[in-house]
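Down below is the structure, laid out as structure tokens.
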Amino acid sequence: MKNLELDLGERSYPIFIARDLIGEPDLWTKYIAGKQVCIVTNDTIAPLYLEKLKAQLGDKSVCEVILPDGEAYKTLATLEQIFDTLLAKNHNRGTTLIALGGGVVGDMCGFAAACYQRGVQFIQIPSTLLSMVDSSVGGKTGVNHPMGKNMIGAFHQPNCVLADLSLLDTLPEREYSAGMAEVIKYGLICDAPFFEWLESNIAGLMSRNTDLLEEAVYRSCVNKAEVVAEDEREGGRRAILNLGHTFGHAIETAEGYGNWLHGEAVSAGMVLAMALSLELGWLGADIYERGKKLLELAGLPTSPPENMDVDQFLQLMGRDKKVLDGRLRLVLLKGLGEAVVSSEAPEATIAKVLRAAGVRA
Ligand code: NAD
Ligand code: GLY
């Protein structure tokens with residue numbers, strides 16, 4: 001087993017990474033303070049793992065909320081189901097919520113925990129690769145609004161994160177690849193040796209070799225934990241975690257939530273961010289090619305969708321919340337492992353890069 005601590009003073013918490021962690025309650029049930037527990041999951045994950053999780057919580061008073069599966073349900077309306085159950089079962093401020101699922105369940109459960117009776121504790125048990133390496137770590141929680149993704153939310157840190165790698169046995173291949181986009185992101189933004197390690201091990205990782213996977217999840221979480229510990233509320237450096245995300249959010253919004261997976265949109269977005277960095281003369285063509293190739297080997301899209309045009313792209317990017325004072329702030333690369341947040345790219349240059357990537361004029 002590997003583990004690390006996200007250092008946030010009194011809000012610090014451990015992240016455990018290994019196979020079969022759910023079945024080791026001595027390790028993690030100590031992070032549940034009271035008697036009441038509410039497990040939040042969805043109708044895909046519940047039949048696979050809910051009973052096993054409940055079986056570990058012997059002396060607790062446990063209830064469950066099974067949400068409909070999908071990004072389309074990551075809404076304020078769906079959140080009501082969690083509050084309805086907590087109130088109907090008389091859960092008090094001492095309750096602990098457990099998120100059992102991917103990023104959608106984790107973001108919603110975390111936001112419910114941030115809001116219920118002005119804030120209760122919660123634990124993350126991420127079940128996708130993406131949620132193990134990104135969304136379960138760092139305390140960003142929330143839901144979508146029809147006018148923008150993740151626009152309603154809160155920072156609320158979990159008590160612990162349990163990355164049980166055996167849950168990935170049932171994860172569909174496309175979802176696994178989507179998670180690999182965020183793994184590769186850490187190499188690109190802040191960890192060149194990790195990027196090189198990924199280049200050497202991508203075949204084994206794609207066949208889900210346990211030792212390689214444990215190392216990849218661990219090194220991703222170490223990188224994320226370092227960035228979050230430095231800048232919990234994204235006043236500055238944390239924004240580098242959004243490499244490719246402004247382009248990616250435009251793709252997700254244009255295509256409809258869920259049609260392009262988040263990690264797929266981030267992959268195509270990272271290639272655009274690298275292309276823009278190249279166009280600005282900040283990144284060598286060799287790094288651009290290596291980044292693109294690694295994403296391809298991970299089974300990810302590296303071009304934007306064919307049905308978008310440049311104006312639509314720019315308009316949707318402008319609506320993204322990372323816009324400051326009317327200027328597009330983008331995460332760009334000044335080398336492998338050297339991300340910067342910059343407003344320097346002129347709109348005409350962004351449009352040129354989009355056209356070169358095949359987006360209609
Ligand atoms: P997801 O939660 O939708 O899960 C993907 C699919 O896999 C779903 O159909 C789910 O039911 C299924 N699934 C999950 N675990 C499974 C398992 N073990 N076996 C079989 N099927 C399984 O998607 P995701 O990629 O995990 O998360 C994407 C979400 O995360 C987006 O909403 C995104 O905005 C959010 N996100 C949040 C942060 C953050 O910092 N909070 C960071 C990145 C992404
Ligand atoms: N996924 C970006 C962040 O956690 O800040």
Side-chain angles (χ1 to χ4, degrees), residues 6 22 40-50 52-53 66-75 78 99-111 114 124-144 148-158 161 163-183 185-186 189 208 220-221 223-225 227-228 230-246 248-249 252-253 257-258 260-267 321-322 331 341:
L6 204 169
I22 288 180
V40 178
T41 187
N42 74 22
D43 52 16
T44 301
I45 300 154
L48 298 169
Y49 303 113
L50 181 57
K52 179 168 185 190
L53 179 57
I66 301 178
L67 302 173
D69 185 3
E71 183 77 33
Y73 296 101
K74 190 178 159 184
T75 61
T78 308
L100 173 67
V104 170
V105 165
D107 280 12
M108 281 200 286
C109 177
F111 189 39
Q124 288 273 16
I125 306 187
S127 66
T128 60
L129 180 57
L130 184 139
S131 55
M132 288 180 190
V133 300
D134 192 355
S135 61
S136 68
V137 175
K140 278 189 182 177
T141 72
V143 294
N144 300 327
K149 206 172 137 55
N150 296 328
M151 284 289 152
I152 319 286
F155 287 96
H156 190 56
Q157 302 292 346
V161 179
D164 183 333
L165 301 175
S166 56
L167 302 192
L168 299 180
D169 293 351
T170 52
L171 189 71
E173 207 166 301
R174 192 175 160 201
E175 297 290 350
Y176 186 84
S177 285
M180 204 52 80
E182 302 284 4
V183 174
K185 177 187 79 180
Y186 294 109
I189 61 171
R208 307 192 195 193
S220 297
C221 288
N223 279 304
K224 178 143 189 185
V227 173
V228 172
E230 198 181 310
D231 177 24
E232 183 184 4
R233 291 191 167 238
E234 201 169 312
R237 183 168 163 76
R238 183 165 179 167
I240 66 166
L241 297 172
N242 296 320
L243 178 70
H245 284 55
T246 302
H249 285 176
E252 281 180 286
T253 308
Y257 295 140
W260 269 59
L261 301 180
H262 177 72
E264 293 173 340
V266 165
S267 172
K321 63 182 176 297
K322 285 168 278 297
V331 185
V341 183

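Both counts, for ligands and for their atoms, begin at 1 and track the order of listing.
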Within a distance under 4.0 Å of any heavy atom of [X], pick out the atoms of ligand 1 and give their elements.
X	value
K74	31 (C), 32 (O), 33 (C), 34 (O), 35 (C)
Y49	18 (N)
H262	43 (C), 44 (C)
D134	42 (C), 43 (C)
T44	11 (O)
L167	17 (C), 18 (N)
K224	40 (O)
N42	10 (C), 11 (O)

I need the nearest protein heavy-atom contact for [atom]: residue, atom name and distance, please.
atom	answer
atom 22 (C) of ligand 1	L171 CD1, 3.8 Å
atom 30 (O) of ligand 1	G103 CA, 3.3 Å
atom 3 (O) of ligand 1	V104 CG2, 3.4 Å
atom 15 (N) of ligand 1	S127 OG, 2.7 Å
atom 2 (C) of ligand 2	N242 OD1, 3.6 Å
atom 4 (O) of ligand 2	K224 NZ, 2.5 Å
atom 21 (N) of ligand 1	P172 CD, 3.9 Å
atom 5 (O) of ligand 2	R238 NE, 2.7 Å
atom 20 (C) of ligand 1	T170 O, 3.1 Å

Using a 4.0 Å heavy-atom cut-off, which part of [X] comes near ligand 1: side chain, backbone, both, or neither?
X	result
L168	neither
N150	side chain
E175	side chain
D69	side chain

State whether the number of non-hydrogen atoms from other residues, nucleotides or ligands found under 6.0 Å of Y73 atom OH is greater than 12.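 Atom OH in Y73 is not crowded, with 12 or fewer foreign heavy atoms closer than 6.0 Å.
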Name the orientation class of the two ring planes belonging to H245 and H262 (parallel below 30°, tilted from 30 to 60°, perpendicular beyond 60°). perpendicular
Side chain, backbone, both or neither: which applies to D134 and ligand 2 if a contact is any heavy-atom pair less than 4.0 Å apart? side chain
Where is the tightest heavy-atom contact between [X] and [Y], given as atom of each residue plus distance?
X	Y	result
R237	V227	O-CG1, 4.0 Å
S131	G102	OG-CA, 3.6 Å
V137	L6	CG1-CD1, 3.7 Å
T141	A154	OG1-O, 2.8 Å
T78	L67	CG2-CD2, 3.8 Å
A181	G263	CB-O, 3.3 Å

Heavy-atom check, side chain of E182 versus side chain of K224, under 4.5 Å: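 No, every pair of side-chain atoms sits at 4.5 Å or beyond.
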Counting heavy atoms only, which of T128, I45, L130 comes nearest to atom 28 (C) of ligand 1?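 Heavy atom nearest to atom 28 (C) of ligand 1 belongs to L130.
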Which one of K149, E252, R238 has a non-hydrogen atom at the shortest distance from atom 33 (C) of ligand 1?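 Answer by nearest heavy atom: K149.
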Would you check whether K140 has a nitrogen or oxygen atom less than 3.5 angstrom from a nitrogen or oxygen atom of ligand 2?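 Right, the criterion is met.
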Any chance the side chains of Y49 and T170 put a donor and an acceptor closer than 3.5 Å?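 Yes, T170 and Y49 have a side-chain donor paired with an acceptor closer than 3.5 Å.
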I need the atoms of ligand 2 closer than 4.0 Å to a non-hydrogen atom of L241, numbered in the order shown.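 Every atom of ligand 2 under 4.0 Å from some heavy atom of L241: 2 (C), 3 (C), 5 (O).
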Exam field: side chain [X] to backbone [Y], donor-acceptor pair closer than 3.5 Å:
X	Y	value
D231	G236	yes
Y186	V133	yes
T41	L100	yes
Q157	G138	yes

So for R174, does at least one of its heavy atoms come nearer than 4.0 angstrom to any atom of ligand 1? no
